[in-house]
Amino acid sequence: MKYTVITGASSGIGYETALAFAARGKNVIVVARREQQLKELKQEINGLDKNVEVVIKTADLSKSDQVYDLYESLKEYELETWVNNAGFGNFDPVSGHDLTKIETMLRLNNEALTILSSLFARDYAEKEGTQLINISSGGGYTIVANAVTYCATKFFVSAFTEGLAQELKGMGAKMRAKVLAPAATESEFAKQAMDVDQFNYDEALPKYHTSKEMAHFLLDLYDSDKVVGIVDGNTYEFHLKDPIFPYVDRNSNN
Ligand code: NAP
């Protein structure tokens, strides 16, 4: 029995990603703070396929003790894929930041993702077929006005994950590390980023993807040998690419 871990599975891209892996018969471990939403996800998956196991783990991943506790609680399972999807955004000028929100965003988007990626790589880098997929953003490759700090967190995700992918390849490791970089995607993201109760994607945006579409792009990335899956912010086409950032290995003879 092998498992796919998906953080931030209680809504949006993570919820649909759990459904998409389950539709392939993969057992899933779903993580978020809202247990009720995770229970509904489990019910939905079991309604489609009773043979898929769904393990629910509640954790606030902006708290580092809970990040380590989550990983420790998964020692009894054999993991195959880890998707670091939990994250949120913030739209305002840097001079207007609510620093409590920003601290939480840095801890979730960067600290938790780094700790969980490192622990997973430590234990599974040499296991055949393992993959780490970290969710960045188009804003992890282009700085977007009014979202500078959020974009900086996602530049970190892109750089860290591309670098890890290069490092694993250089070591001849079996694990693959990959970055998914969505553009606007219908989910709870906009409400949380803008601190509003309602957000109408059709009225506000000329183009966007649904979370279901994004989960299927994630599976395209999972199935490919490429490191980056990125949505073009103008055309909204999805492209699979080699690493985008320059990478130097000063210890290599190449
Ligand atoms: P979403 O619907 O708001 O989902 C965010 C998920 O993260 C939820 O399951 C939420 O669960 C979880 N989460 C938030 N805070 C958490 C915490 N402290 N501890 C544990 N889990 C936490 O938004 P989404 O669009 O699907 O976002 C998924 C990822 O895509 C994020 O990393 C986001 O930055 C990235 N992304 C989104 C877009 C977009 O336009 N939607 C574009 C580019 C990148 P709980 O609240 O239940 O904890």
Side-chain angles (χ1 to χ4, degrees), residues 5-20 28-41 56-71 83-91 100-117 133-142 144 147 149-158 160-161 179-197 199 201 204-205 207-215 217-218 221 228-233 236 238:
V5 181
I6 299 147
T7 69
S10 59
S11 64
I13 298 168
Y15 189 100
E16 293 295 340
T17 297
L19 281 172
V28 290
I29 299 173
V30 292
V31 185
R33 291 168 302 177
R34 289 171 296 173
E35 191 174 19
Q36 187 52 37
Q37 274 83 346
L38 295 178
K39 284 182 173 163
E40 285 165 23
L41 171 60
I56 291 176
K57 293 282 175 186
T58 52
D60 182 342
L61 298 178
S62 69
K63 303 207 157 67
S64 55
D65 54 338
Q66 294 192 35
V67 175
Y68 285 104
D69 288 349
L70 167 71
Y71 193 81
V83 182
N84 279 312
N85 164 74
F88 69 86
N90 181 68
F91 293 159
T100 305
K101 183 179 180 189
I102 297 298
E103 278 184 23
T104 309
M105 181 175 76
L106 292 168
R107 289 200 196 99
L108 179 65
N109 293 11
N110 296 149
E111 189 180 293
L113 178 136
T114 305
I115 292 168
L116 293 171
S117 299
I133 301 181
N134 286 338
I135 312 306
S136 179
S137 166
Y141 289 95
T142 302
V144 180
T149 309
Y150 170 64
C151 290
T153 72
K154 293 299 187 178
F155 266 75
F156 178 94
V157 174
S158 304
F160 172 75
T161 312
V179 191
L180 181 77
T185 306
E186 190 177 26
S187 71
E188 296 180 6
F189 177 85
K191 287 192 288 183
Q192 175 139 23
M194 286 181 245
D195 300 306
V196 294
D197 294 332
F199 184 85
Y201 278 79
L205 298 169
K207 282 187 185 145
Y208 62 89
H209 287 120
T210 63
S211 287
K212 193 178 275 301
E213 286 171 320
M214 193 49 58
F217 292 148
L218 190 152
L221 175 63
V228 181
I230 185 165
V231 176
D232 181 308
Y236 271 68
F238 182 65

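Atoms within each ligand, like the ligands themselves, are counted from 1 in listed order.
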Among all protein heavy atoms, pick the one closest to atom 9 (O) of ligand 1 and tell me residue, atom and distance. S10 OG, 2.8 Å
Under 4.0 Å to a heavy atom of A184 - the qualifying atoms of ligand 1, by number: 40 (O)
Ligand-side contact atoms (ligand 1) for residue partner A59, heavy atom cut-off under 4.0 Å: 19 (N), 20 (C)
V157 and I135, any side-chain heavy atoms less than 4.5 Å apart: no
Just to be sure I read this right, does ligand 1 sit under 4.0 Å from the backbone of Y15, its side chain, both, or neither, counting only heavy atoms? neither
Give the contacting part of A9 toward ligand 1: side chain, backbone, both or neither, where contact means a heavy-atom distance below 4.0 Å. backbone
What's the separation between atom NZ in K154 and atom CG in N134, rounded to the nearest 0.5 Å? 8.5 Å
How far is atom 46 (O) of ligand 1 from the closest protein heavy atom, and which atom is that? R33 NH2, 2.9 Å
Quick one: are L180 and F238 in side-chain contact, heavy atoms under 4.5 Å? yes
Nearest to atom 42 (C) of ligand 1, what protein heavy atom do you find, and at what distance? A183 O, 3.4 Å
Distance, nearest 0.5 Å, that separates CD of Q66 from NZ of K57: 12.5 Å
Identify, for atom 19 (N) of ligand 1, the protein heavy atom at the shortest distance, and state residue, atom and that distance. L61 N, 2.8 Å
If you measure from CD on Q37 to CD1 on I56, what distance do you get to the nearest 0.5 Å? 11.0 Å
If we number the atoms of ligand 1 from 1 as shown, the ones under 4.0 Å from a heavy atom of G12 are 2 (O), 26 (O)
Identify, for atom 21 (N) of ligand 1, the protein heavy atom at the shortest distance, and state residue, atom and that distance. A86 CB, 3.8 Å
Atom 43 (C) of ligand 1: of A32, P182, A215, the nearest heavy atom sits on P182
Donor-acceptor check, side chain of Y236 to backbone of Y208, threshold 3.5 angstrom: yes or no? no
Output the list of atoms in ligand 1 that are nearer than 4.0 Å to some heavy atom of S187, sorted by atom number. 2 (O), 23 (O), 24 (P), 25 (O), 26 (O), 41 (N)
Ligand 1 contact on K154 by region, counting heavy-atom pairs under 4.0 Å: side chain
Residue part near ligand 1, for A190, under 4.0 Å between non-hydrogen atoms: neither
When you measure from the side chain of T149 to the backbone N and O of A147, does any donor-acceptor pair fall under 3.5 Å? no
Please give me the minimum heavy-atom distance between A32 and A9, naming the atom from each residue. CB-N, 4.2 Å
Looking only at protein heavy atoms, which one is nearest to atom 12 (C) of ligand 1, and what is the separation? G8 CA, 3.6 Å
Please check if the side chain of S10 supplies one atom and the backbone of L38 the other of a donor-acceptor pair under 3.5 Å. no
The closest protein heavy-atom partner of atom 44 (C) of ligand 1 is S136 O, 3.2 Å
Which one holds for I13 and ligand 1: side chain close, backbone close, both close, or neither close, with close meaning a heavy atom under 4.0 Å? both
Measuring from atom 31 (C) of ligand 1, which candidate in N85, V67, I135 has the nearest non-hydrogen atom? N85
For D60, counting its heavy atoms only, list the atoms of ligand 1 lying under 4.0 Å from any of them. 17 (C), 18 (N), 19 (N)
Is a donor on one side and an acceptor on the other found under 3.5 Å between the side chain of N110 and the backbone of T153? yes
Side-chain heavy-atom pair V179, Y141 within 4.5 angstrom cut-off: yes
Is N109 close to Y150 at the side-chain level, that is, under 4.5 Å between some pair of heavy atoms? yes
At under 4.0 Å between heavy atoms, is it the side chain or the backbone of S211 that contacts ligand 1, or both, or neither? neither
May I ask which of T185, N134, V31 has a heavy atom nearer to atom 41 (N) of ligand 1 than the others do? T185
Below 3.5 Å, N or O to N or O, backbone or side chain included: is there any such pair between Y201 and ligand 1? no
Check whether any side-chain heavy atom of N85 lies under 4.5 Å from a side-chain heavy atom of T17, and answer yes or no. no
Could you check atom 4 (O) of ligand 1 against the protein and tell me its nearest heavy-atom contact, residue, atom and distance included? S11 OG, 3.2 Å
Taking the side chain from K101 and the backbone from A193, do they hold a donor-acceptor pair closer than 3.5 Å? yes
